[in-house]
Amino acid sequence: MNDPLRLGIAGLGTVGTGVVRIIRQKADLLAARAGRPVTISAVSARSRGKERGVPLDDYAWEDDPVALAQRDDVDIFVELMGGDDGPAKDATEAAIAAGKDVVTANKALLAHHGHALALAAEDAGRVIRFEAAVAGGIPVIKALTEGLAGNDMTRVMGVMNGTCNYILTRMQSAGLPYEDVFQEASDLGYLEADPQLDVGGIDAAHKLSLLAAIAFGCRVDFDAVQMEGIGAITIEDINHAADMGYRIKLLGVAQMTGRGLEQRMTPCLVPATSPLGQLEGGTNMVVLEGDNVEQIVLRGPGAGMGPTASAVTGDVMDIARGFRLPMFGQPARSLAQSQPATGGTPAPYYLRMSLTDKPGALAKVATALGDAGISINRMRQYDHSGPDAPVLIVTHKAGRADLDAALAALPGLGVVTDTPIALRIETV
């Protein structure tokens, strides 16, 4: 049998310990499938004495992940520390310079520095693989770079943050307000240390930018992603959407248009009967659309020890088998800088606002929308006991710039008593 493939693992949190467990428990299976043993030479983490539930005495310990990345007995540097800079970036760059291949689950690092790292890896004759960085156990990177390589991709979209999907579906199933479910998610340990990474859409936007780069053959451009979190979604929005046959999801969408590349991670309404509409709890779903394959739907766990460690191990196995593919599916130097779209593709919108309960208030809003070129599809006013009347409007397809102009005009009407909420209705 060939010489073993030796790993150096930096980061022994949930995912890192999951990888150690798989390598230890499935050594014979991995060796049979890879054609060579897969072993661990050394590990690194912030705290050496912490109990992690897996034996680590068999491995050398490095306090410095850069030193780990440079060890002579490491063939693949497995970066599971996280963070878009600092030790993760330093150690990854050191590994490439030392002639190591890299496997990472770090979506933030790649969203911010992916193109530069891809160039460095290719110059050094190394590979970077990152299946675990997007949608956990779902093999979406592999699907795009390999299975769908014969397609011009037309759209990539999905629910890519399980915490947000948990909050939104829990609000609906339990009839609870956002604040209560946010606290529940925090108590259960679902939220990042900085909750805005989850509920602000940042984590999911990192993932979308990586998928867009692969799907449309361009450089990763996280700064061009339009982002909006779920903090403004109320239980009333959840219920109103359900009344109309929709569910609200934090939905990532990337598509190439004549105006440039659209990338947005925003709350949207999707049909309740669609695969995305039926997605519950912390599960992720990615929908891939190509000119030949039409539509592929991938569903599975987007986080957690087992699913994410499984994705890391899959990348290790590909390298063990000698499979070497450019990071974004084609040489980094062939990737052009994308042109961000100058305006979103027109779509219907859900508008929710409160109006003063007096004659002519609704007519003023309808006129303001019409003056901005926004056509109303349907409108509903709900029963109320206070001085303000909750109003729901669904528009026909409209450009976002026109809608923003209409929304900017509403406060001047003297009849709108709150900040209107506008959510895109996405065709699935």
Side-chain angles (χ1 to χ4, degrees), residues 1-82 87-88 91-92 94-95 98-107 126-139 141-142 189 300-324:
M1 186 172 282
N2 294 327
D3 291 337
L5 183 71
R6 302 164 299 179
L7 311 182
I9 301 176
L12 293 172
T14 299
V15 179
T17 54
V19 174
V20 172
R21 182 171 285 116
I22 289 175
I23 299 300
R24 292 182 68 90
Q25 294 180 349
K26 300 187 181 296
D28 293 343
L29 177 65
L30 297 178
R33 290 178 171 174
R36 60 192 296 195
V38 178
T39 63
I40 299 169
S41 297
V43 296
S44 177
R46 282 180 291 188
S47 171
R48 184 169 186 172
K50 180 179 178 181
E51 175 54 45
R52 295 179 168 89
V54 293
L56 300 173
D57 293 342
D58 296 340
Y59 318 128
W61 181 277
E62 294 283 358
D63 291 321
D64 182 1
V66 171
L68 173 68
Q70 295 170 330
R71 288 178 64 101
D72 292 338
D73 59 353
V74 167
D75 302 307
I76 299 179
F77 177 64
V78 182
E79 188 280 298
L80 304 173
M81 295 177 286
T92 299
K100 321 293 185 184
D101 295 321
V102 174
V103 172
T104 181
N106 191 340
K107 80 282 289 184
R126 301 293 94 196
V127 295
I128 300 174
R129 297 188 66 87
F130 60 103
E131 186 68 71
V134 180
I138 301 175
I141 304 296
K142 204 171 185 69
M305 175 184 288
T308 311
S310 171
V312 170
T313 307
D315 281 343
V316 168
M317 292 293 284
D318 274 348
I319 295 173
R321 292 163 173 152
F323 184 67
R324 308 186 71 77

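Here the structure is a predicted model, which is why all the values come from computation and not from measurement.
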key: side chain to side chain donor-acceptor pair (under 3.5 Å) against Asp64, all qualifying residues, sequence neighbours excluded   = none

query = Which heavy atom of Pro37 sits nearest a heavy atom of Ala31, and at what distance?
reply = CA-CB, 3.9 Å

ask   = Partners of Arg46 by side chain to side chain contact (heavy atoms under 4.5 Å, CB included), sequence neighbours excluded?
value = none

ask   = Of all residues at least two apart in sequence or in a different chain, which pass the side chain to side chain contact (heavy atoms under 4.5 Å, CB included) check with Arg324?
value = Asp101, Arg126, Val127, Ile319

query = Please walk me through it: do Val20 and Tyr59 pass side chain to side chain contact (heavy atoms under 4.5 Å, CB included)?
reply = CA-CA 10 Å; Val20 172; Tyr59 318 128; 4.0 Å; yes

note = Shortest non-hydrogen pair, Ala88 vs Gly82, comes out as CB-O, 3.6 Å

message = Please report the interatomic distance NZ(Lys142) to CG(Asp318), rounded to the nearest 0.5 Å.
response = 3.5 Å

message = Going by the rule side chain to side chain contact (heavy atoms under 4.5 Å, CB included), which residues pair with Pro301 if we only count those two or more places apart in sequence or in a different chain?
response = Pro307

message = Could you walk me through whether Ser310 and Glu131 satisfy the side chain to side chain contact (heavy atoms under 4.5 Å, CB included) test, starting with their C-alpha distance in whole Å, then the side-chain angles of each, then the deciding distance to 0.1 Å, before giving a yes or no?
response = CA-CA 10 Å; Ser310 171; Glu131 186 68 71; over 6 Å; no

task = Find the distance between OG1 (Thr313) and CD1 (Ile22) and round it off to the nearest 0.5 Å.
result = 4.0 Å

task = Please report the closest heavy-atom contact between Asp3 and Arg36, naming both atoms and the distance.
result = O-NE, 2.9 Å

request  = Name all residues meeting the salt bridge (Lys or Arg N to Asp or Glu O under 4.0 Å) criterion together with Arg24; count only those two or more places apart in sequence or in a different chain, and write none if there are none.
outcome  = Asp58

task = Apply salt bridge (Lys or Arg N to Asp or Glu O under 4.0 Å) to Lys100 and list each qualifying residue two or more places apart in sequence or on a separate chain.
result = none

task = Output yes when a side-chain donor or acceptor of Arg321 lies under 3.5 Å from a complementary backbone atom of Arg33, and no otherwise.
result = yes

key: Beyond-backbone contact of Leu12 with Leu56, side-chain heavy atoms, under 4.5 angstrom   = yes

ask   = With sequence neighbours left out, what residues match Thr104 under side chain to side chain donor-acceptor pair (under 3.5 Å)?
value = Glu79

inquiry  = Minimum heavy-atom separation for Arg52 and Ser47, please, with both atom names.
reply    = NH2-O, 2.6 Å

query = Hey, which of Thr39, Val316, Val43 is the one that makes side chain to side chain contact (heavy atoms under 4.5 Å, CB included) with Leu7?
reply = Val316

query = Do you know which two heavy atoms are closest between Pro65 and Pro87, and how far apart they sit?
reply = CG-CB, 4.1 Å

remark   = Residue set satisfying side chain to side chain donor-acceptor pair (under 3.5 Å) with Asp63, at least two apart, ordered chain then number -> Trp61

Report all side-chain donor-acceptor pairs from residues 70-77 shorter than 3.5 Å, counting only partners two or more places apart or in another chain.
from  : atom 1 : to    : atom 2 : distance (Å)
Arg71 : NE     : Asp73 : OD1    : 2.9
Arg71 : NH1    : Glu62 : OE2    : 2.8
Arg71 : NH2    : Asp73 : OD2    : 2.9
Asp75 : OD1    : Arg6  : NH2    : 3.1
Asp75 : OD2    : Arg6  : N      : 2.8
Asp75 : OD2    : Arg6  : NE     : 3.0

task = Measure the OG1-CG distance between Thr308 and Leu80 for me, rounded to the nearest 0.5 Å.
result = 9.5 Å

Closest contact, heavy atoms only, Val19 versus Ala309 = N-CB, 3.6 Å

ask   = Of all residues at least two apart in sequence or in a different chain, which pass the side chain to side chain contact (heavy atoms under 4.5 Å, CB included) check with Met305?
value = Thr14, Thr17, Arg21

inquiry  = For Leu30 and Met317: C-alpha separation, side-chain torsions, deciding distance, then whether side chain to side chain contact (heavy atoms under 4.5 Å, CB included) applies.
reply    = CA-CA 8 Å; Leu30 297 178; Met317 292 293 284; 3.7 Å; yes

